[in-house]
Structure formats: C-alpha cells, structure tokens
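Structure first, commentary second.
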Amino acid sequence: MILGICGSGRKEGNTGGLIEEVLKATGGESELIWLIDINPGYSTGCMRCVVEGNCWQQDGMTTMLYKKMLDAEAIVLGSPCYYGEVSGLMKSMMDRSIALGYMGIGKESENPMHGRKPLAGKPGAVVGAVAGHGIEHTLEVMEKFLGYSEMKVVGKLGAIAGMDDVREKPEFMEQARQLGLKIKEALKGK
Ligand SMILES: Cc1cc2nc3c(=O)[nH]c(=O)nc-3n(C[C@H](O)[C@H](O)[C@H](O)COP(=O)(O)O)c2cc1C
C-alpha cells in the first residue's frame with residue numbers, strides 16, 4: 001500500500017489534488033490520510049518514547065497512523081506552504097513521528113537512546129502547493145524528515161497555483177503523474 005499524508009485542511013484544495021494524482025499514477029493500492037481528520041496533536045518533547053517504546057498520547061497518530069506508516073511500501077507527504085513553511089498539521093505529524101524510532105524498544109533495549117529507523121529504505125516523495133512564494137523551504141522541511149527517517153527520496157513537486165485550482169494546471173498535474181511513475185519504478189522488484 002502506498003500512503004499519502006496530506007497536511008492541508010482543504011479537501012478540495014491543491015495539495016490533496018496533487019497527492020491524489022501521484023497516488024493514482026503509481027498504479028498500486030493506495031490510501032490518502034488527511035491529518036485534519038486524525039488531529040495529530042503535538043509532541044510534548046518529553047522523550048518518554050525513548051524509554052517506554054511508544055508515545056504516551058493515545059490518539060490518531062499512535063493508534064492508526066504509526067501502523068499505516070510502518071506498513072506502507074512508500075509514502076507521499078504533501079503540505080501547503082504556510083508562511084514559507086509546512087502547515088502546522090504537517091509539522092505536528094513529523095514531530096509526533098519521533099516515537100516511531102523507539103516503538104517496541106522500550107525498557108528491554110540495551111541502548112534505549114538509539115532510535116531505530118523503521119521507515120529506512122522505503123521510497124518517499126514530497127509535494128507542496130503555494131499561491132506565490134515559499135515552496136522551496138516547504139519541500140525542504142518534508143525532505144529533511146524523510147532523510148532523517150532514511151527513506152529514499154525519489155522526487156519532489158512544488159506547484160505554484162496562484163489563487164487557482166491546481167487540477168486546471170496541466171503542467172503540475174503532469175509532474176504529479178511523473179512523480180507517481182517514479183515511485184512505481186522504485187517499487188519494482190520489491
Ligand atoms: C496560513 C496561510 C499561510 C500561507 N502562506 C503562504 C505563503 O507564505 N506564500 C504563498 O505564496 N502562499 C501562502 N498561502 C497560500 C497557500 O499556500 C495556497 O493557497 C495553497 O495553494 C493552499 O493549498 P491547499 O489548497 O492544499 O490548502 C498561505 C495560506 C494560508 C492559509
């Protein structure tokens with residue numbers, strides 16, 4: 001399953017439209033999770049996950065999204081550009097994902113300070129939508145997250161949509177399809 005994670009709250013919006021096109025072009029089974037629906041909350045920075053092997057907060061991240069991320073063959077992250085950055089929803093999801101590296105390690109671990117990289121090697125891609133300026137840093141933040149997780153970044157797409165619907169901009173929709181094909185290629189033989 002190829003997992004899309006959308007950090008926009010606008011279900012008819014541009015980021016979702018791009019992710020949907022990427023997922024469709026992979027030709028594989030896919031699922032798009034809207035972070036607005038699961039409310040990723042906030043990392044409190046307590047680092048209890050390091051010693052306890054999971055996040056103490058029981059919510060949509062811990063009970064659902066962690067498992068989907070671990071099970072996914074590939075992950076597509078998408079965020080609108082907000083003030084030159086990722087959206088708060090996307091940032092919260094990335095922050096909360098720190099616990100993924102410690103899941104199942106807990107007190108039994110000989111070296112609990114070392115987080116594992118359970119997403120390592122999975123293909124990943126990032127997409128973003130912006131009215132005018134600031135998409136580069138938005139993409140870079142999501143790429144850094146994939147890099148920290150040691151995922152294999154196969155490509156990125158930033159769509160400058162103005163105040164329009166990106167679905168009506170063929171150049172960006174084509175780039176989304178190309179990104180989907182890159183993921184399909186990266187999954188060949190896996
Ligand atoms: C809080 C907020 C901050 C934004 N900041 C920027 C910005 O820094 N630069 C820009 O060009 N557009 C900015 N925008 C516009 C969005 O990036 C743009 O409308 C984008 O297409 C929205 O994506 P969506 O349809 O997936 O929600 C901002 C919009 C909001 C709501």
Side-chain angles (χ1 to χ4, degrees), residues 1-40 60-61 64-82 84-97 100 119 122-131 134-149 151-187:
M1 185 267 296
I2 302 163
L3 182 66
I5 301 177
C6 187
S8 169
R10 299 198 319 142
K11 293 197 176 169
E12 305 304 317
N14 293 324
T15 312
L18 292 169
I19 303 177
E20 278 164 2
E21 198 66 13
V22 174
L23 295 177
K24 200 166 89 187
T26 64
E29 189 195 336
S30 66
E31 182 173 357
L32 175 54
I33 297 292
W34 291 85
L35 293 173
I36 193 99
D37 290 339
I38 68 157
N39 182 16
M61 282 298 294
M64 191 265 273
L65 194 57
Y66 286 168
K67 181 166 174 14
K68 287 196 188 289
M69 291 170 83
L70 293 172
D71 288 349
E73 298 166 84
I75 298 176
V76 182
L77 295 184
S79 176
C81 168
Y82 285 176
E85 255 286 359
V86 293
S87 66
L89 281 169
M90 178 54 64
K91 185 64 167 62
S92 286
M93 187 285 291
M94 294 191 294
D95 292 351
R96 290 292 308 284
S97 296
L100 271 179
L119 306 180
K122 291 182 198 266
V126 298
V127 305
V130 67
I135 197 64
E136 298 79 12
H137 185 62
T138 306
L139 297 176
E140 190 187 337
V141 171
M142 290 186 284
E143 272 185 284
K144 265 195 189 150
F145 171 77
L146 297 186
Y148 176 79
S149 308
M151 289 181 63
K152 207 168 68 190
V153 183
V154 302
K156 59 182 171 182
L157 162 58
I160 301 169
M163 299 311 284
D164 302 327
D165 183 347
V166 79
R167 294 166 189 78
E168 285 159 20
K169 295 194 175 281
E171 73 272 30
F172 295 127
M173 297 313 276
E174 178 55 27
Q175 286 178 40
R177 281 190 283 280
Q178 292 305 320
L179 200 48
L181 292 175
K182 276 190 186 166
I183 294 172
K184 184 180 181 179
E185 188 63 31
L187 288 174

Q: May I ask you to check whether Q175 and E171 show a side-chain donor-acceptor distance below 3.5 Å?
A: no
(Q) I'd like to know whether NZ of K169 has more than 12 heavy-atom contacts from other residues, nucleotides or ligands below 6.0 angstrom. (A) yes
Q) What are the two closest non-hydrogen atoms of G134 and V130, and how far apart are they? A) N-CG2, 4.4 Å
Q: Calculate, to the nearest 0.5 Å, the distance between atoms CG and CD1 belonging to L65 and I38 respectively.
A: 4.5 Å
Q: Return the minimal non-hydrogen interatomic distance between G16 and W34, and the atom names on each side.
A: CA-CH2, 3.7 Å
(Q) One pair to check against side chain to side chain contact (heavy atoms under 4.5 Å, CB included): N39 and I36. What are the steps and the verdict? (A) CA-CA 5 Å; N39 182 16; I36 193 99; over 6 Å; no
Q | Polar side-chain atom of K122 near backbone of A72 as donor-acceptor pair, under 3.5 Å | A | yes
Q: Search all heavy atoms of P123 against all heavy atoms of V154 and return the closest pair with its distance.
A: CB-CG1, 4.0 Å
Q | D71 side, atom CG; M1 side, atom CE - distance, nearest 0.5 Å | A | 6.5 Å
Q | N/O donor-acceptor pair under 3.5 Å between S97 side chain and L100 backbone | A | no
(Q) For a quick test of reading the model, state the closest non-hydrogen atom pair linking L187 to A74 and the distance between them. (A) CD1-CB, 4.2 Å
For residues 4-14, which side-chain N or O atoms pair as donor and acceptor with protein atoms under 3.5 Å away, sequence neighbours left out?
residue, atom, partner, partner atom, Å
S8, OG, R10, N, 3.0
K11, NZ, D37, OD1, 3.0
K11, NZ, D37, OD2, 2.7
N14, OD1, V166, N, 2.7
N14, ND2, D164, O, 3.3

Q) Taking all atoms of both residues into account, what is the closest heavy-atom pair of A159 and L18, and its distance? A) CB-CD1, 3.7 Å
Q.
Let's go through E185 and L181 carefully: what are the C-alpha distance in whole Å and the side-chain angles of both, what is the deciding distance for side chain to side chain contact (heavy atoms under 4.5 Å, CB included) to 0.1 Å, and is it a yes or a no?
A. CA-CA 6 Å; E185 188 63 31; L181 292 175; over 6 Å; no
Q. Within a strict 4.5 Å, meaning less than it, do heavy atoms of the L77 and V127 side chains meet?
A. no
Q | Pairwise distance CE(M151) to CD1(I75) - rounded to 0.5 angstrom | A | 4.0 Å
Residues 19-28 side chain polar contacts: donor-acceptor under 3.5 Å, at least two apart:
residue, atom, partner, partner atom, Å
E21, OE2, R177, NH1, 2.7
T26, OG1, L23, O, 2.5
T26, OG1, G28, N, 3.3

Q: From the options E140, M90, M142, select the one residue that forms a side chain to side chain contact (heavy atoms under 4.5 Å, CB included) with V126.
A: M142
Q. For V141, which residues count as a side-chain contact (heavy atoms from CB on, under 4.5 Å) partner, sequence neighbours excluded?
A. E85, V86, M94, H137
Q: Determine, step by step, whether R96 and Y66 satisfy the side chain to side chain contact (heavy atoms under 4.5 Å, CB included) criterion, reporting the C-alpha distance in whole Å, the side-chain angles of both residues, the deciding distance to 0.1 Å, and the verdict.
A: CA-CA 9 Å; R96 290 292 308 284; Y66 286 168; 4.2 Å; yes
Q | Shortest non-hydrogen contact between T15 and G78, atoms and distance | A | CG2-C, 3.3 Å
